[in-house]
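The structure under discussion appears below in the form of structure tokens.
Letters go in sequence order (proteins before strands), and every chain restarts at 1.
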Amino acid sequence: DGGITQSPKYLFRKEGQNVTLSCEQNLNHDAMYWYRQDPGQGLRLIYYSQIVNDFQKGDIAEGYSVSREKKESFPLTVTSAQKNPTAFYLCASNEDGDYGYTFGSGTRLTVV
Amino acid sequence: QKEVEQNSGPLSVPEGAIASLNCTYSDRGSQSFFWYRQYSGKSPELIMFIYSNGDKEDGRFTAQLNKASQYVSLLIRDSQPSDSATYLCAVNYGQNFVFGPGTRLSVLP
């Protein structure tokens, strides 16, 4: 079955550490997205990519980095510059802007 | 400023009643409108989308769009306890979507 796989499901980060969240899709979608969700809040866009080897900053890109070397993969790195990284991270993809997203199951990141 | 607003709730309705969820948006140029359901601790899942003014029905769900008023709503008929979740409204702005904060719905048995 086609879908989006995010890993790990839970991730703990120490202060000053970089961590990478994995996102893989087999839907053959060109566009992929990373969102952050904080308790009681909506989804906020971190980065998005509409084609391989190209990506754009979203509304809250500071402290994050991404790469898009393959169509299927869009990993997100949470760097030490992100001062408040504890949140639920969601990866999504879609065919183009007129279609809704398919979401992965999410990664819950906690700073310890 | 791209804004999507929803009443955060919680909205409580008795089982079998109609639940009405509302969403307003700021950009008159928006063309695509989506409703997602999100259970606690899970990722959102798409339940309805609407592009044209008027109503669109799918089973127990009806989406209503009024572009002149910049208003989109979701009606859930014969509400069930399994419908208890947070409902997110999403509106396109160009290539991307902006999500509202969500409305938490509680269906009481």
So if I take each residue of residues 99-109 of chain B and look for any heavy atom under 4.5 Å from a heavy atom in chain A, which residues do I end up with? B:Phe99, B:Gly100, B:Pro101
Is there a path of hydrophobic side-chain contacts, each under 4.5 Å between heavy atoms, that joins B:Val72 and B:Ile76? yes
Find out if a path of hydrophobic residues (ILVMFWY) with successive side-chain heavy-atom gaps under 4.5 Å connects A:Phe74 to A:Tyr89. yes
Around A:Gln56, counting heavy atoms of other residues, nucleotides and ligands shown, do more than 12 lie under 6.0 Å from its CD? yes
Membership question, hydrophobic clusters at under 4.5 Å side-chain separation (ILVMFWY): are A:Leu45 and A:Phe103 in the same one? yes
Establish whether B:Leu74 and B:Val98 are linked, either directly or via other cluster members, by ILVMFWY side-chain heavy-atom contacts under 4.5 Å. yes
Side chain, backbone, both or neither: which part of A:Arg44 has a heavy atom under 4.5 Å from chain B? neither
Residue B:Glu45 versus chain A: region with a heavy atom under 4.5 Å: neither
Give the minimum heavy-atom separation between A:Phe88 and B:Gln38, together with the two atoms involved. CE2-NE2, 4.1 Å
Check against side-chain contact (heavy atoms from CB on, under 4.5 Å), B:Phe97 and A:Leu43: CA-CA 10 Å; B:Phe97 290 91; A:Leu43 280 63; over 6 Å; no
Give a yes or no on whether the backbone of A:Gly106 and the side-chain of B:Ser43 come within a donor-acceptor separation of less than 3.5 Å. no
Can you get from A:Leu90 to B:Phe34 by hopping between Ile, Leu, Val, Met, Phe, Trp and Tyr side chains that sit under 4.5 Å apart? yes
Tell me, side chain or backbone of A:Gln37 under 4.5 Å from chain B's heavy atoms, or both, or neither? side chain
Any side-chain heavy-atom pair from B:Leu46 and A:Tyr101 closer than 4.5 angstrom? no
